[in-house]
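In what follows, every heavy atom counts, from backbone to side chain, and hydrogens, waters and symmetry copies are set aside.
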Amino acid sequence: MRKIVKNFASPPAKLTSPRCMTQMLNIYNSRIGKDATYYNMDPVVDALNKLYHSKCGYCEAQIDIVASENVEHYRPKGTVNSLDLPAGVAHPGYYWLSNEWSNLLISCPKCNQPGHKGTRFPIHRHNRRVSTPPTLSAAGQVVVASNSHLLPPLSREDPLILNPEFKEPGEHLKVIDSGELKPVHRSIYGAKTIEVCGLNRPPLIAARKKIIDRIVVQIEKRIESFTADVEPLTEGQFRRELDTVFDEITDRLDYKSTFTLVARMIIKNFDTLVLSKIDPIFHPIIRNQFDRYIDN
Ligand SMILES: [Zn+2]
């Protein structure tokens with residue numbers, strides 16, 4: 001997961017069109033979010049895909065190669081899963097946010113399937129959960145601005161699933177040696193997001209581990225050339241070769257790359273994730289070159 005910068009004040013025109021507003025008024029009255037259609041129209045999906053580079057907002061896997069993206073409602077437009085509600089309490093869903101720009105993100109079908117995010121929406125303090133839409137304007141119209149997550153009443157809710165548009169995921173999630181995600185400092189947001197979205201599914205763990213392992217293998221190959229019996233690399237050449245490996249790490253920070261959190265973690269925890277797997281004799285020179293590379 002990585003932070004996504006979305007301009008909440010500038011939704012795609014489809015979502016503020018008079019026809020969309022009429023649909024929203026009907027949804028407010030009927031309390032049925034499944035009647036919403038504007039959120040799934042091409043200009044909206046295209047705008048979201050552009051922001052997310054066709055990657056899942058939760059797991060950061062590339063979606064469009066093998067599947068169709070889901071336009072995910074962060075606050076579910078249909079009935080909230082009872083797992084997230086006190087016993088005997090029902091919630092109709094946040095149907096009034098079904099075409100709300102700040103409530104839409106892109107998810108892969110696996111993170112969003114029933115059993116994972118689906119219609120889950122756990123929050124802190126159930127008594128702060130919002131269950132009715134804001135009041136209409138004096139003219140009886142939907143007031144789009146009052147659906148903002150930055151303003152009461154929604155801002156009083158404390159959602160436990162990380163939204164990449166609202167919080168910096170790197171403050172709550174980290175990648176460890178095995179490729180698993182773990183919460184940072186026991187972050188409840190990190191822990192709940194991993195659990196609910198299934199972010200430690202075996203293929204995701206394997207994909208993250210593969211990135212770490214590849215960096216280790218690439219460094220080991222340079223060591224082989226540096227210590228070869230025939231025409232070994234000079235120290236200067238070895239250092240330049242190491243830089244090409246470090247380039248690979250920083251290239252993986254690019255928005256278009258998948259699993260960019262792994263690259264961030266490799267840079268932050270280089271000793272633990274990479275150096276610890278390499279012959280200690282080479283630690284000083286590799287560490288020194290890595291520090292030089294990062295400083296530049
Ligand atoms: Zn996903």
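Ion pairing between K221 and E224 fails under the 4.0 Å rule for side-chain N and carboxylate O. The pair E235-R239 meets the salt-bridge criterion, with a side-chain N (NZ, NE, NH1 or NH2) lying under 4.0 Å from an Asp/Glu carboxylate O. Looking at D291 and R287, a side-chain N of the basic residue comes within less than 4.0 Å of a carboxylate O on the acidic one, giving a salt bridge. By the 4.0 Å N-to-carboxylate-O rule, R128 lies too far from D158 to be salt-bridged with it. Ion pairing of K3 with E168 is absent here, as no side-chain N (NZ or NE/NH1/NH2) approaches a carboxylate O to less than 4.0 Å.
A donor-acceptor distance shorter than 3.5 angstrom exists from the side chain of K55 to the backbone of Y255, with no hydrogens or angles considered. Panel note: side chain S82, backbone L85; no donor-acceptor pair is recorded below 3.5 Å. The closest donor-acceptor contact from the side chain of K117 to the backbone of R120 lies under 3.5 Å. At least one donor-acceptor pair closer than 3.5 Å links the side chain of E60 to the backbone N or O of T260. Judged purely by atom type and a 3.5 angstrom limit, N296 uses its side chain to pair as donor or acceptor with the backbone of R292. A donor-acceptor pair under 3.5 Å is formed between the side chain of N200 and the backbone N or O of L181. The closest donor-acceptor contact from the side chain of H283 to the backbone of L275 lies under 3.5 Å. Remark: side-chain polar atoms of N103 are not paired, donor with acceptor, to backbone N or O of N99 under 3.5 angstrom. Using modelled atom types, one side-chain atom of Q237 and one backbone atom of T234 make a donor-acceptor pair closer than 3.5 Å.
Counting only heavy atoms from C-beta outward, the side chains of K6 and L105 never approach each other to under 4.5 Å. Looking only at side-chain heavy atoms (C-beta outward), L136 and V143 stay at 4.5 Å or farther from each other. Residues I63 and P109 are in side-chain contact: their nearest non-hydrogen atoms beyond the backbone lie under 4.5 Å apart. Residues F8 and F166 meet the side-chain proximity criterion, which asks for heavy atoms closer than 4.5 Å. In this structure the side chain of L104 reaches within 4.5 angstrom of the side chain of L48, judged on heavy atoms. Residues L199 and C111 are in side-chain contact: their nearest non-hydrogen atoms beyond the backbone lie under 4.5 Å apart. Proximity of I212 to M265: side-chain heavy atoms (C-beta onward) are nowhere separated by under 4.5 Å. Under the 4.5 Å side-chain criterion, counting only non-hydrogen atoms from C-beta, S155 is not in contact with L150.
Residue C56 holds its SG atom at 8.0 Å from CG of N112, rounded to the nearest 0.5 Å. To the nearest 0.5 Å, atom CZ of residue R2 and atom CG of residue L253 are 7.0 Å apart. Taking CG from N7 and CG from L51, the interatomic distance works out to 9.5 Å, rounded to the nearest 0.5 Å. The distance from atom CD1 of I194 to atom CD1 of I161, rounded to the nearest 0.5 Å, is 12.0 Å. Distance CE/M41 to CG/L15: 9.5 Å, rounded to 0.5 Å. To the nearest 0.5 angstrom, E180 atom CD is 11.5 Å from K174 atom NZ.
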**OP:** Start with the C-alpha gap between D279 and I223, add the side-chain angles, then the distance that decides, and say whether side-chain contact (heavy atoms from CB on, under 4.5 Å) holds.
**Re:** CA-CA 9 Å; D279 187 338; I223 290 174; 5.7 Å; no
Subject >> Working for side-chain contact (heavy atoms from CB on, under 4.5 Å), residues Q289 and D243 >> reply: CA-CA 8 Å; Q289 190 58 24; D243 281 351; 3.1 Å; yes
Original post:
Does the side-chain contact (heavy atoms from CB on, under 4.5 Å) test come out yes or no for I4 and Y52, once each step is laid out?
Top reply: CA-CA 7 Å; I4 299 291; Y52 282 82; 3.5 Å; yes
Original post:
Can you check side chain to side chain donor-acceptor pair (under 3.5 Å) on Y189 and N163, steps first, answer last?
Top reply: CA-CA 10 Å; Y189 306 101; N163 182 322; over 6 Å; no
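In this structure, V184 is not a member of the same hydrophobic cluster as L162, with clusters built from ILVMFWY side-chain heavy atoms closer than 4.5 Å. There is a path of hydrophobic side-chain contacts, each under 4.5 Å, that joins I267 to L173. Following chains of ILVMFWY side-chain contacts shorter than 4.5 Å, one cannot reach V130 starting from I32, and the two form parts of different hydrophobic clusters. By the criterion of side-chain heavy atoms lying less than 4.5 angstrom apart, applied directly or through intervening Ile, Leu, Val, Met, Phe, Trp or Tyr residues, Y38 is grouped together with L25 in one hydrophobic cluster. Connection of I205 to I215 is not established within any shared hydrophobic cluster, with ILVMFWY side chains joined at heavy-atom distances below 4.5 Å, either directly or through further cluster members.
Side chain to side chain, T244 and R222 meet the donor-acceptor criterion of an N or O pair below 3.5 Å. Using modelled atom types and a 3.5 Å distance limit, the side chains of Y39 and E72 yield no donor-acceptor pair. Side-chain contact of D35 with Q23: a donor-acceptor pair under 3.5 Å is absent, judged by distance alone. At a cut-off of 3.5 Å, with distance as the only test, no side-chain donor of S54 or Q62 sits close to an acceptor on the other residue.
Residues C108 and R201 come closest through the heavy atom pair SG-NH2, 3.9 Å. When all heavy atoms of P11 and T16 are compared, the pair lying nearest together is CG-CG2, 3.8 Å. Of all the heavy atoms in I278 and I219, the pair that sits closest is CD1-CG2, 3.4 Å. Closest non-hydrogen pair, P134 versus W96, comes out as CD-CD1, 3.6 Å. The nearest pair of heavy atoms linking G57 to M1 is O-CG, 3.4 Å. Of all heavy-atom pairs between P159 and Y74, the closest is CB-OH, 3.1 Å.
When the ring pair (Phe, Tyr, Trp, His ring centres under 6.0 Å) test is applied to F246, the partners found at least two apart in sequence or on another chain are F270, F290, Y293. Under the rule for a ring pair (Phe, Tyr, Trp, His ring centres under 6.0 Å), F259 has no partner lying at least two apart in sequence or in another chain. Judged as a ring pair (Phe, Tyr, Trp, His ring centres under 6.0 Å), and not counting sequence neighbours, Y95 has no contacts.
Evaluated for a side chain to side chain donor-acceptor pair (under 3.5 Å) with S187, the options H172, K167, E171 yield exactly one hit, H172. With D177 as the fixed residue, the salt bridge (Lys or Arg N to Asp or Glu O under 4.0 Å) test singles out one of R208, K209, K277, K182: K277. Checking H149, E157, E100 one by one against R75, the side chain to side chain donor-acceptor pair (under 3.5 Å) holds for a single residue, E157. Test N81, D84, L83 against T119 for side chain to side chain contact (heavy atoms under 4.5 Å, CB included) and you get one pass: N81.
Annotation for N127: atom CG counts as buried by contact number, over 12 foreign heavy atoms lying within 6.0 Å. Atom NZ of K110 has 12 or fewer neighbouring heavy atoms from other residues, nucleotides or ligands inside a 6.0 Å radius.
Separation of the F121 and Y94 ring centroids falls under the 6.0 Å cut-off.
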